[in-house]
Participant: 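Starting off with a structure, shown below.
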Amino acid sequence: MEAKLKITTKQYDELEIVDTIEVNSIGKIFEKNKDIYVVYEETEEGQKITTTIKISDEEVSIKRFGNVNSLMVFKEKHKHLTKYKTNQGVFMIETETIKLIVDKSKKDYIKLNIEYNINISDLFNGKNEISMLIEYNI
């Protein structure tokens, strides 16, 4: 089934300077083993990246592959360490989920809110907030 995504990510660095990234995309949504999967493609620096979002009741994972390869797992009050592969090299990313809200109360959309601390190979420390609206039956 087709899904319309609106994703807003706010990155706060150590000085509380905010960088906002917005992505609007069309993808596919399906259910498998009680989990919901959303798959969409985007282009970054002329290269295609496929993103798969897996939504469980208490955990959300975001897997990207293509020009960038990573797997980020968000579960409230948990830390996750992952490799982030880019054209510039491989970076280690540690995330610590502060808040995870999965709202599946309506039958035609899902809202996700994720707040987490992030450390990228001691190059960047900050806090990120992701707001995601996934509409389907459109």
Side-chain angles (χ1 to χ4, degrees):
M1 178 181 326
E2 191 173 85
K4 187 167 96 174
L5 293 90
K6 180 178 180 175
I7 305 165
T8 304
T9 303
K10 291 185 178 181
Q11 296 179 319
Y12 300 84
D13 67 12
E14 294 164 320
L15 302 173
E16 291 292 315
I17 296 172
V18 182
D19 183 23
T20 301
I21 302 163
E22 290 196 5
V23 174
N24 292 297
S25 188
I26 300 291
K28 300 284 182 197
I29 186 169
F30 60 93
E31 192 171 343
K32 182 178 172 184
N33 299 328
K34 297 185 181 180
D35 295 322
I36 296 169
Y37 292 82
V38 180
V39 180
Y40 68 97
E41 285 186 352
E42 60 185 304
T43 303
E44 212 170 87
E45 298 176 9
Q47 302 285 323
K48 276 191 181 177
I49 298 170
T50 301
T51 301
T52 302
I53 303 163
K54 179 183 174 189
I55 304 166
S56 305
D57 288 333
E58 296 182 14
E59 183 177 287
V60 172
S61 65
I62 301 174
K63 182 176 185 176
R64 301 178 83 203
F65 59 95
N67 197 35
V68 171
N69 293 296
S70 69
L71 171 64
M72 298 176 79
V73 178
F74 303 101
K75 186 173 182 177
E76 214 165 89
K77 308 218 184 324
H78 282 77
K79 288 185 179 182
H80 183 256
L81 190 64
T82 189
K83 290 180 181 173
Y84 189 74
K85 297 178 186 169
T86 70
N87 287 342
Q88 291 77 33
V90 177
F91 302 95
M92 293 304 296
I93 296 181
E94 181 182 69
T95 58
E96 179 182 11
T97 307
I98 300 163
K99 182 167 79 171
L100 173 65
I101 298 172
V102 178
D103 180 359
K104 299 187 284 186
S105 62
K106 304 288 188 240
K107 62 181 176 182
D108 57 353
Y109 69 83
I110 299 168
K111 285 185 179 178
L112 299 178
N113 288 293
I114 307 168
E115 290 182 23
Y116 60 99
N117 294 322
I118 185 166
N119 178 306
I120 304 173
S121 297
D122 292 322
L123 299 171
F124 177 83
N125 278 304
K127 183 179 112 176
N128 286 2
E129 296 174 357
I130 300 174
S131 298
M132 200 176 302
L133 176 62
I134 304 160
E135 297 177 277
Y136 50 98
N137 291 331
I138 49 177

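All values below were derived from every heavy atom in this structure, side-chain atoms included, with hydrogens, water molecules and symmetry-related copies excluded.
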Participant: Would you give the length of the straight line joining atom CD1 of Ile55 to atom CD1 of Ile29, rounded to the nearest 0.5 angstrom?
Facilitator: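 Going from CD1 on Ile55 over to CD1 on Ile29, the span is 6.0 Å.
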Participant: I'd like to know if Ile93 and Leu123 are part of one continuous hydrophobic network [Ile/Leu/Val/Met/Phe/Trp/Tyr, side-chain heavy atoms within less than 4.5 Å].
Facilitator: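 Yes, because Leu123 and Ile93 connect within a single hydrophobic cluster, where side-chain heavy atoms sit under 4.5 Å apart.
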Participant: Say you draw a straight line from CD1 of Ile53 to CZ of Arg64; how long is it, rounded to the nearest 0.5 Å?
Facilitator: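 Separation between the atoms: 10.0 Å.
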Participant: Could you tell me which non-hydrogen atom of Gly27 sits nearest to which non-hydrogen atom of Tyr40, and how far apart they are?
Facilitator: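 That would be CA-CB, 3.9 Å.
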Participant: For Ser121 and Met92, indicate whether the former's side chain and the latter's backbone hold a donor-acceptor pair under 3.5 Å.
Facilitator: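 Such a contact is found between Ser121 side chain and Met92 backbone.
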Participant: Can you confirm whether more than 12 heavy atoms, excluding those of Glu58, are under 6.0 Å from its CD atom?
Facilitator: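 12 or below, so no.
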Participant: Would you say Val23 and Ile134 are hydrophobically clustered, going by side-chain heavy atoms of ILVMFWY under 4.5 Å?
Facilitator: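 Cluster IDs for Val23 and Ile134 match.
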Participant: OG1/Thr51 to CD/Glu41 distance, rounded to the nearest 0.5 angstrom?
Facilitator: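 Nearest 0.5 Å value for the OG1-CD distance: 9.0 Å.
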Participant: I need the minimum non-hydrogen distance between Asn128 and Tyr12, along with the two atoms involved.
Facilitator: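 The pair with the smallest heavy-atom distance is OD1-N, 4.3 Å.
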Participant: How long is the straight-line distance from NZ of Lys48 back to CG of Asn67, given to the nearest 0.5 Å?
Facilitator: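 If we round to the nearest 0.5 Å, Asn67:CG and Lys48:NZ are 13.0 Å apart.
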Participant: Okay, side chain of Thr82, backbone of Leu71: is any donor-acceptor separation there less than 3.5 Å?
Facilitator: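 Yes, the answer is positive, given that a donor and an acceptor are paired below the 3.5 Å cut-off.
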Participant: With the side chain counted from C-beta on, respond yes when Lys63 and Lys54 share a heavy-atom pair under 4.5 Å apart, and no when they do not.
Facilitator: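 The answer is no; the side chains never approach within 4.5 Å.
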Participant: Of all heavy-atom pairs between Asn137 and Lys107, which one has the smallest distance, and what is that distance?
Facilitator: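 The answer is ND2-O, 3.8 Å.
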Participant: Val18, Leu15: one ILVMFWY side-chain cluster at the under-4.5 Å cut-off?
Facilitator: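 In one cluster with Val18: Leu15, no.
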Participant: Could you tell me whether the side chain of Asn33 and the main chain of Asp35 form a donor-acceptor pair under 3.5 Å?
Facilitator: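 Not confirmed, Asn33 side chain does not pair with Asp35 backbone.
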Participant: Same cluster for Phe74 and Ile98 if Ile/Leu/Val/Met/Phe/Trp/Tyr side chains link at under 4.5 Å?
Facilitator: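 Phe74 does not cluster with Ile98.
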Participant: Any chance NZ of Lys104 has more than 12 other-residue heavy atoms, nucleotides or ligands included, within less than 6.0 Å?
Facilitator: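 Yes, the 6.0 Å shell around NZ holds more than 12 heavy atoms from other groups.
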Participant: Quick check for you: to the nearest 0.5 Å, what is the distance between Glu22 atom CD and Thr9 atom OG1?
Facilitator: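 The distance works out to 9.0 Å.
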Participant: For a quick test of reading the model, state the closest non-hydrogen atom pair linking Ser56 to Val102 and the distance between them.
Facilitator: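 Heavy atoms only, the tightest pair is O-CG2, 4.1 Å.
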Participant: Decide whether Phe124 and Val90 are clustered together by the hydrophobic rule: side chain heavy atoms of Ile, Leu, Val, Met, Phe, Trp, Tyr closer than 4.5 Å, transitively.
Facilitator: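 No, it is not one cluster - the side chains of Phe124 and Val90 are not joined through contacts under 4.5 Å.
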Participant: Does Met72 form a side-chain contact (heavy atoms from CB on, under 4.5 Å) with Ile118? I'd like the steps, not just the answer.
Facilitator: CA-CA 11 Å; Met72 298 176 79; Ile118 185 166; 4.3 Å; yes
Participant: For the residue pair Phe30 and Tyr37, does the interplanar ring angle fall in the parallel (under 30°), tilted (30 to 60°) or perpendicular (over 60°) class?
Facilitator: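 Parallel, since the angle between the ring planes stays under 30°.
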Participant: Is the backbone of Gln88 close enough, under 3.5 Å, to the side chain of Thr86 for a donor and an acceptor to pair up by distance?
Facilitator: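 At least one qualifying donor-acceptor pair exists.
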Participant: Determine whether His78 and Glu96 make a side-chain contact, defined as any pair of heavy atoms from C-beta on separated by less than 4.5 Å.
Facilitator: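 They are not in side-chain contact.
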Participant: Between CD1 of Ile114 and CG of Leu100, what distance do you get to the nearest 0.5 Å?
Facilitator: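 Separation between the atoms: 5.5 Å.
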Participant: Side chains of Val60 and Ile130: does their closest heavy-atom pair fall under 4.5 Å?
Facilitator: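 The answer is no; the side chains never approach within 4.5 Å.
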Participant: Below 4.5 Å, heavy atoms only, C-beta onward: do Tyr84 and Ile120 meet side chain to side chain?
Facilitator: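 No, every pair of side-chain atoms sits at 4.5 Å or beyond.
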Participant: Looking at Thr95 and Val73, what are the two nearest heavy atoms and their distance?
Facilitator: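 Heavy atoms only, the tightest pair is OG1-O, 3.9 Å.
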Participant: Within the structure provided, determine whether Tyr116 and His80 are in side-chain contact (heavy-atom separation under 4.5 Å).
Facilitator: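 Sidechains of His80 and Tyr116: no contact.
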Participant: Does Lys127 come within less than 4.0 Å of Glu129, counting only side-chain N to carboxylate O?
Facilitator: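 Yes, charged N to carboxylate O under 4.0 Å.
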